[in-house]
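Per chain, numbering begins at 1; letters A, B, ... match sequence-line order.
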There are 2 protein chains.
Amino acid sequence: MLYIGNMKPLSHPKMEDVTVEGILYAFSNPIRIRIYAELASAECTQICSAYRDITGAKLPKSTLSQHFAILRETGLILSERKGTELHNKTRCAELKKRFGPMIESIIGAYIEQNARNKKSAKKKKRI
Amino acid sequence: MLYIGNMKPLSHPKMEDVTVEGILYAFSNPIRIRIYAELASAECTQICSAYRDITGAKLPKSTLSQHFAILRETGLILSERKGTELHNKTRCAELKKRFGPMIESIIGAYIEQNARNKKSAKKKKRI
DNA sequence: TTTGGTAGTTCGTAATAACAGAACTTAAGA
DNA sequence: TCTTAAGTTCTGTTATTACGAACTACCAAA
């Protein structure tokens, strides 16, 4: 394998090696599931740094970098370096082919949960 | 709260406090997702010790106890002590009401993955 | 072609969580 | 009452995670 400099090349697993447990583990982290959900709803590739403020507070970039690496190595996203930027998109078509409605139903439930929480937070505020 | 002896009482979260991330975390462990899948397919409550050999090797009972506690405290299963035994069943109806098809699609994908792996193991053996 | 800045990665380490053996609780039966 | 069985809790060890600091890679302006 060709290495340019000291950085590891980006590696993506073959879809046949992607596991249900791996995906669930990746999604069990609130930052990662959120990144995936937003990536899935985006129309074009997104760069890593676009998610620095995803939690409200500023995330350390080393942490963000690790989360993207986990999403990538789990098989959920495809990353490509363009200049200094890391461009990302989900592997949704392949994932759907392999895991059926699983991922969509997870993200659907996640989005619904957030909507519910927002509502109840508003309610609390009003009191 | 009434304590009988020194053991903590079994506590189950309200379904409204159960989270998507929590469920995914619980399922990200191969032993736990397997326990849940088997519990879901069982027709009656199952005792904890029924899963001692679930991995092929004998599991330490402290480990098994912890896994059941996590499934319970995540909101996935309902446990009840009967004598010295712990009887368990899934909270599938409530879960479905709250999370829609999510859990069924996860367990479906998990079962399919196992079937696929079994097949390819057989294939390997034949060679 | 140097200099400076930006985007992201890797390394080191401190905090955190998981695992499993040992000791314990509880209950049931001889 | 003694013993055994089923789980739980405690505890030390091991493995993971998170984040700051140092680093690489690339680009653009001087």
Would you mind telling me which of [options] lies closest to the side-chain atoms of [X]?
| X | options | value |
| --- | --- | --- |
| B:Y25 | D:dC19, C:dA17, D:dA6 | C:dA17 |
| B:R72 | C:dT10, D:dT8, C:dG8 | D:dT8 |
| A:H67 | C:dT9, C:dC11, D:dA18 | D:dA18 |
| B:L10 | D:dC19, C:dC19, D:dT8 | D:dT8 |

- prompt: Do B:I111 and A:I23 share a hydrophobic cluster, counting only Ile, Leu, Val, Met, Phe, Trp and Tyr and linking them when any side-chain heavy atoms are less than 4.5 Å apart?
  reply: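 Same hydrophobic cluster.
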
Just call it for [X]: base, sugar-phosphate, or nothing, with non-hydrogen atoms closer than 4.0 Å on any strand.
| X | result |
| --- | --- |
| A:L64 | nothing |
| B:S49 | sugar-phosphate |
| A:S62 | base |

- prompt: Which of residues 78-90 of chain A sit near DNA chain D, with a heavy atom under 4.0 Å from it?
  reply: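 Contacts with DNA chain D under 4.0 Å: A:G83, A:T84.
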
Rounding to an integer number of Å, can you tell me how far [X] [atom1] sits from [N] [atom2]?
| X | N | atom1 | atom2 | value |
| --- | --- | --- | --- | --- |
| A:L71 | D:dT17 | CG | C1' | 15 Å |
| B:Q46 | D:dA6 | CD | P | 15 Å |
| A:E73 | C:dT10 | CD | C1' | 13 Å |
| B:F68 | C:dA18 | CZ | C1' | 18 Å |
| B:K58 | C:dA20 | NZ | P | 15 Å |
| A:K61 | C:dT9 | NZ | P | 10 Å |
| B:I47 | C:dT26 | CD1 | C1' | 15 Å |

How about [X] and [Y]: do any of their side-chain heavy atoms sit closer than 4.5 Å?
| X | Y | result |
| --- | --- | --- |
| B:L64 | B:C48 | yes |
| A:M102 | B:Y110 | no |
| A:L76 | A:L95 | yes |

- request: Evaluate the salt bridge (Lys or Arg N to Asp or Glu O under 4.0 Å) criterion for residues A:E85 and A:K82: first the C-alpha distance (whole Å), next the side-chain angles of each, then the deciding distance (0.1 Å), finally the verdict.
  value: CA-CA 5 Å; A:E85 297 176 339; A:K82 287 188 180 164; over 6 Å; no

query: Which one of A:R72, A:K89, A:H87 satisfies the side-chain hydrogen bond (donor to acceptor under 3.5 Å, both in side chains) criterion with A:S79?
result: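 Among A:R72, A:K89, A:H87, the one that satisfies the side-chain hydrogen bond (donor to acceptor under 3.5 Å, both in side chains) with A:S79 is A:R72.
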
Sequence neighbours excluded and cut-off under 3.5 Å, please list the side-chain donor-acceptor pairs for residues 28-40 of chain B, or say none.
from, atom 1, to, atom 2, distance (Å)
B:S28, OG, B:Y25, O, 2.7
B:N29, OD1, B:I31, N, 2.8
B:N29, OD1, B:R32, N, 3.1
B:R32, NE, B:A26, O, 2.8
B:R32, NH1, B:H67, ND1, 3.2
B:R32, NH2, B:Y25, O, 3.4
B:R34, NH1, B:I54, O, 3.3
B:R34, NH2, B:I54, O, 3.1

query: Would you say a side-chain N or O of A:Y51 is under 4.0 Å from OP1 or OP2 of C:dG8?
result: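 For C:dG8, neither OP1 nor OP2 has a side-chain N or O of A:Y51 closer than 4.0 Å.
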
- prompt: Do the side-chain N or O atoms of B:N29 get closer than 4.0 angstrom to the phosphate oxygens (OP1, OP2) of C:dC19?
  reply: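 For C:dC19, OP1 or OP2 has a side-chain N or O of B:N29 closer than 4.0 Å.
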
